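One structure is given here, and the rest of the page talks about it.
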Amino acid sequence: MVKVNIDRDRCYGLGQCVLAAPDVFDQDDDGIVWLLVEEARPEQHDEVRQAALTCPRQAIGVAD
């Protein structure tokens, strides 16, 4: 499992994470990232890493 964490204070609400991993990330009414799961399943690992890489504010952390 990969542990996922977010820093909502850094989020701009661009939604790149939701596009990359919609089963892991969502956005609240203001567009700020919301974490749906804290540990990604193995089939989600690549999507979560891609979301972290594409986040312009580096608001997503991923740890093995």
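Residues: numbered from 1 along the sequence shown. A quick note: this is a predicted structure, and the numbers were derived from the prediction, not measured.
- Residues V33 and L19 fall into different hydrophobic clusters, defined by Ile, Leu, Val, Met, Phe, Trp and Tyr side chains chained together at heavy-atom separations under 4.5 Å.
- Atom-to-atom distance recorded for Q16:CD and C11:SG is 11.0 Å, nearest 0.5 angstrom.
- Nearest heavy atom pair, residue A51 against residue F25, reads CB-CE1, 3.7 Å.
- There is no path of hydrophobic side-chain contacts, each under 4.5 Å, that joins L14 to V48.
- Considering CD of E38 and NZ of K3, their distance stands at 4.5 Å, rounded to 0.5 Å.
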Check: Would D30 and R8 count as a salt bridge (charged side-chain N to carboxylate O under 4.0 Å, His left out) if you check the C-alpha gap in whole Å, the side-chain angles of each, and the deciding distance to 0.1 Å?
Finding: CA-CA 11 Å; D30 294 322; R8 289 177 45 89; over 6 Å; no

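- Both V37 and V18 belong to a single network of hydrophobic side chains, linked directly or stepwise wherever heavy atoms of I, L, V, M, F, W or Y lie under 4.5 Å apart.
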Item checked: Test log, rule side chain to side chain contact (heavy atoms under 4.5 Å, CB included), inputs Q44 and D23 -> CA-CA 8 Å; Q44 297 169 319; D23 293 332; 3.4 Å; yes

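- When atom types are taken as modelled, the side chain of Q27 and the backbone of W34 share no donor-acceptor pair closer than 3.5 angstrom.
- Residues E39 and V4 are not in side-chain contact: their nearest non-hydrogen atoms beyond the backbone lie 4.5 Å or more apart.
- I32 is not connected to I60 by any chain of hydrophobic side-chain contacts under 4.5 Å among Ile, Leu, Val, Met, Phe, Trp and Tyr, and they are in different clusters.
- For the pair V24 and L35, the minimum side-chain heavy-atom distance is below 4.5 Å.
- R57 places no side-chain N or O within 3.5 Å of a backbone atom of Y12 that could act as its donor or acceptor partner.
- Between M1 and A40 the shortest heavy-atom distance is SD-O, 3.2 Å.
- Of all heavy-atom pairs spanning A52 and V62, the tightest one is CB-CG2, 3.9 Å.
- Counting heavy atoms of neighbouring residues, nucleotides and ligands inside a 6.0 Å radius, atom CG of D46 does not exceed 12 of them.
- Counting heavy atoms from C-beta outward, V2 and R49 have side chains that approach closer than 4.5 Å.
- For E43, the CD atom counts as densely surrounded, since its 6.0 Å shell holds more than 12 non-hydrogen atoms of other residues, nucleotides or ligands.
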